[in-house]
Number of protein chains: 2
Amino acid sequence: MRRGYSGRVTDPAPRIPGPERRALTIASATDVFAARGYVGASTDMIARAAGISQSYVVRMFGGKEALFVEVIRRSLDRILEAFTAALDDAPPQPLTALGAAYVSLAQKEQVHLILLQAFAASGDPAVGPAARAGFEELLHFLLHTAHLSADDAEAFLARGMLINTLMAIGLPQGATGDAADLVERVFGPAAG
Amino acid sequence: MRRGYSGRVTDPAPRIPGPERRALTIASATDVFAARGYVGASTDMIARAAGISQSYVVRMFGGKEALFVEVIRRSLDRILEAFTAALDDAPPQPLTALGAAYVSLAQKEQVHLILLQAFAASGDPAVGPAARAGFEELLHFLLHTAHLSADDAEAFLARGMLINTLMAIGLPQGATGDAADLVERVFGPAAG
DNA sequence: GTCTATAGGGCGATAGAC
DNA sequence: GTCTATCGCCCTATAGAC
């Protein structure tokens with residue numbers, strides 16, 4: 001008990017429309033999972049970030065596992081949206097346009113880190129299938145929607161995984177020497 | 001208590017020379033960390049895999065964090081050894097030789113998974129610096145020992161990160177369609 | 001829809017014996 | 001060197017009130 005009487009003093013959580021609260025919680029979860037990984041993130045950290053109770057997080061999504069799968073799903077959707085928009089804008093050089101789109105996602109989203117954490121947590125019985133399906137969905141898009149050659153698709157994915165890694169180890173912040181050169185090559189002169 | 005008297009029945013752990021036991025424990029830890037990740041692996045799982053007690057694992061290395069850093073170090077050494085050998089064998093096409101060496105490491109070692117797990121756990125104050133230093137050491141080797149161009153080094157690292165990812169999601173086992181084609185392109189016709 | 005309380009289990013690390 | 005025992009913490013999920 002926190003108070004001497006039973007009256008309501010603070011709002012128990014501002015009444016936010018259901019779907020919006022859900023989206024907000026997924027966004028908070030994305031930040032926490034990106035920073036701490038699937039196992040390292042706790043439902044309590046996510047709850048605090050979202051301003052709700054730990055048990056409510058579990059109730060709303062059915063468990064931590066299901067929540068992470070939703071986070072993966074949303075990150076993948078963000079990527080595919082950005083890719084689709086990039087293809088619409090610059091049809092002649094799809095490879096360049098997609099690469100630029102993936103890099104610029106890093107400025108506002110945590111999608112790279114979520115992908116890496118999903119791959120790292122593939123040993124989990126629910127995360128593994130989601131991670132694998134996500135990867136295959138991306139591959140399918142590159143081959144059959146962006147119409148990349150097998151060569152280009154492979155090189156694009158490889159470069160994407162390098163970007164994920166560089167983001168994870170924080171190389172874009174404070175690298176010097178050879179590492180700084182690599183960061184500039186991958187992220188462009190604006191990075192750092 | 002497991003027995004009615006205090007006599008010794010089973011060896012409490014076969015007397016193995018110190019350094020050898022240490023190496024054996026690092027090998028067991030490598031398997032467990034590769035499969036479960038840094039946070040997901042417990043010192044007790046590692047202890048069981050090594051046939052010793054949980055507390056002894058902690059004592060021997062000073063803690064789970066220090067043990068993982070040693071595992072990362074050993075994996076990196078394995079990679080650099082393999083790369084050095086590959087360069088000695090085939091000086092004319094270093095890029096091809098190094099690529100083949102990295103792929104064939106997958107048959108006996110867990111180095112790819114350990115690298116990925118180290119990158120994923122970079123938020124940890126001891127793991128992060130080790131992961132970053134390992135990556136930079138690899139980059140330095142490619143540029144200044146293998147004498148790759150900046151372009152080649154970037155493409156090689158990117159391909160390496162793709163290999164790590166494919167291993168993590170288990171794509172080489174049981175892929176079909178586009179995914180199987182990608183696996184064959186990356187790992188060669190012998191994979192699956 | 002949302003909370004508090006708590007059950008129930010696992011974890012890393014330490015103490016201390018041999 | 002190596003073990004057993006155990007402490008204190010944190011974690012997910014559930015129960016139950018409002």
Subject >> Residues forming a ring-ring contact (aromatic ring centres under 6.0 Å, His included) with A:Phe135, sequence neighbours excluded >> reply: none

**OP:** Mind checking ring-ring contact (aromatic ring centres under 6.0 Å, His included) for A:Phe156 and listing every partner two or more places apart, or none if nothing turns up?
**Re:** A:Phe83

Could you give the [atom1]-to-[atom2] distance, from [X] to [N], as a whole number of Å?
| X | N | atom1 | atom2 | answer |
| --- | --- | --- | --- | --- |
| A:Asp44 | C:dT6 | CG | C1' | 14 Å |
| A:Lys64 | D:dC11 | NZ | P | 8 Å |
| A:Phe68 | D:dT12 | CZ | P | 13 Å |
| A:Met45 | D:dC11 | CE | C1' | 10 Å |
| B:Arg21 | D:dG1 | CZ | C1' | 9 Å |
| A:Met60 | C:dG1 | CE | P | 9 Å |
| B:Ile52 | D:dT4 | CD1 | P | 12 Å |
| A:Glu20 | C:dG1 | CD | P | 13 Å |

Could you pull out all donor-acceptor pairs under 3.5 Å where a side-chain atom in residues 44-52 of chain B meets a protein atom, sequence neighbours excluded?
| residue | atom | partner | partner atom | Å |
| --- | --- | --- | --- | --- |
| B:Asp44 | OD2 | B:Arg48 | NE | 3.0 |
| B:Asp44 | OD2 | B:Arg48 | NH2 | 3.1 |

Original post:
Any ring-ring contact (aromatic ring centres under 6.0 Å, His included) pairs touching residues 162-186 of chain A, not counting sequence neighbours?
Top reply: none

**OP:** Give, ordered by number, those residues of residues 28-43 of chain B having at least one heavy-atom distance below 4.0 Å to an atom of DNA chain C; if nothing qualifies, reply none.
**Re:** B:Ala41, B:Ser42, B:Thr43

**OP:** Check each residue of residues 120-130 of chain B for a non-hydrogen atom within less than 4.0 Å of any atom in DNA chain C, then write out the ones that pass by number, or none.
**Re:** none

Subject >> B:Phe141 with B:Leu139, same ILVMFWY side-chain cluster at under 4.5 Å >> reply: yes

Taking only distance into account, with no hydrogens and no angle test, what donor-acceptor pairs under 3.5 Å do side-chain atoms of residues 157-172 of chain B form with protein atoms, sequence neighbours excluded?
| residue | atom | partner | partner atom | Å |
| --- | --- | --- | --- | --- |
| B:Arg159 | NH1 | A:Glu154 | OE2 | 2.6 |
| B:Arg159 | NH2 | B:Val186 | O | 3.4 |
| B:Asn164 | OD1 | B:Tyr102 | OH | 2.6 |
| B:Thr165 | OG1 | B:Met161 | O | 2.9 |

Subject >> Pairs where residues 138-150 of chain B contributes a residue and the test salt bridge (Lys or Arg N to Asp or Glu O under 4.0 Å) is met, not counting sequence neighbours >> reply: none

**OP:** Any pair with a residue in residues 115-131 of chain A that passes side chain to side chain donor-acceptor pair (under 3.5 Å), sequence neighbours left out, goes on the list, sorted by first then second residue, please.
**Re:** none

**OP:** With sequence neighbours excluded, give me every side chain to side chain donor-acceptor pair (under 3.5 Å) pair touching residues 74-91 of chain B.
**Re:** B:Arg73-B:Asp77, B:Arg78-B:Glu109

Please write out the pairs of protein N or O atoms and N or O atoms of nucleotides 14-18 of chain C separated by less than 3.5 Å, giving the distance to one decimal.
| residue | atom | partner | partner atom | Å |
| --- | --- | --- | --- | --- |
| C:dA15 | N7 | B:Arg59 | NH2 | 3.4 |
| C:dG16 | O6 | B:Arg59 | NH2 | 2.9 |

**OP:** Answer yes or no for A:Lys64 and A:Tyr38: cation-pi contact, defined as NZ/CZ to six-membered ring centre under 6.0 Å and angle to ring axis within 45°.
**Re:** yes

Original post:
Mind checking what makes side-chain contact (heavy atoms from CB on, under 4.5 Å) contact with B:His147, not counting sequence neighbours?
Top reply: none

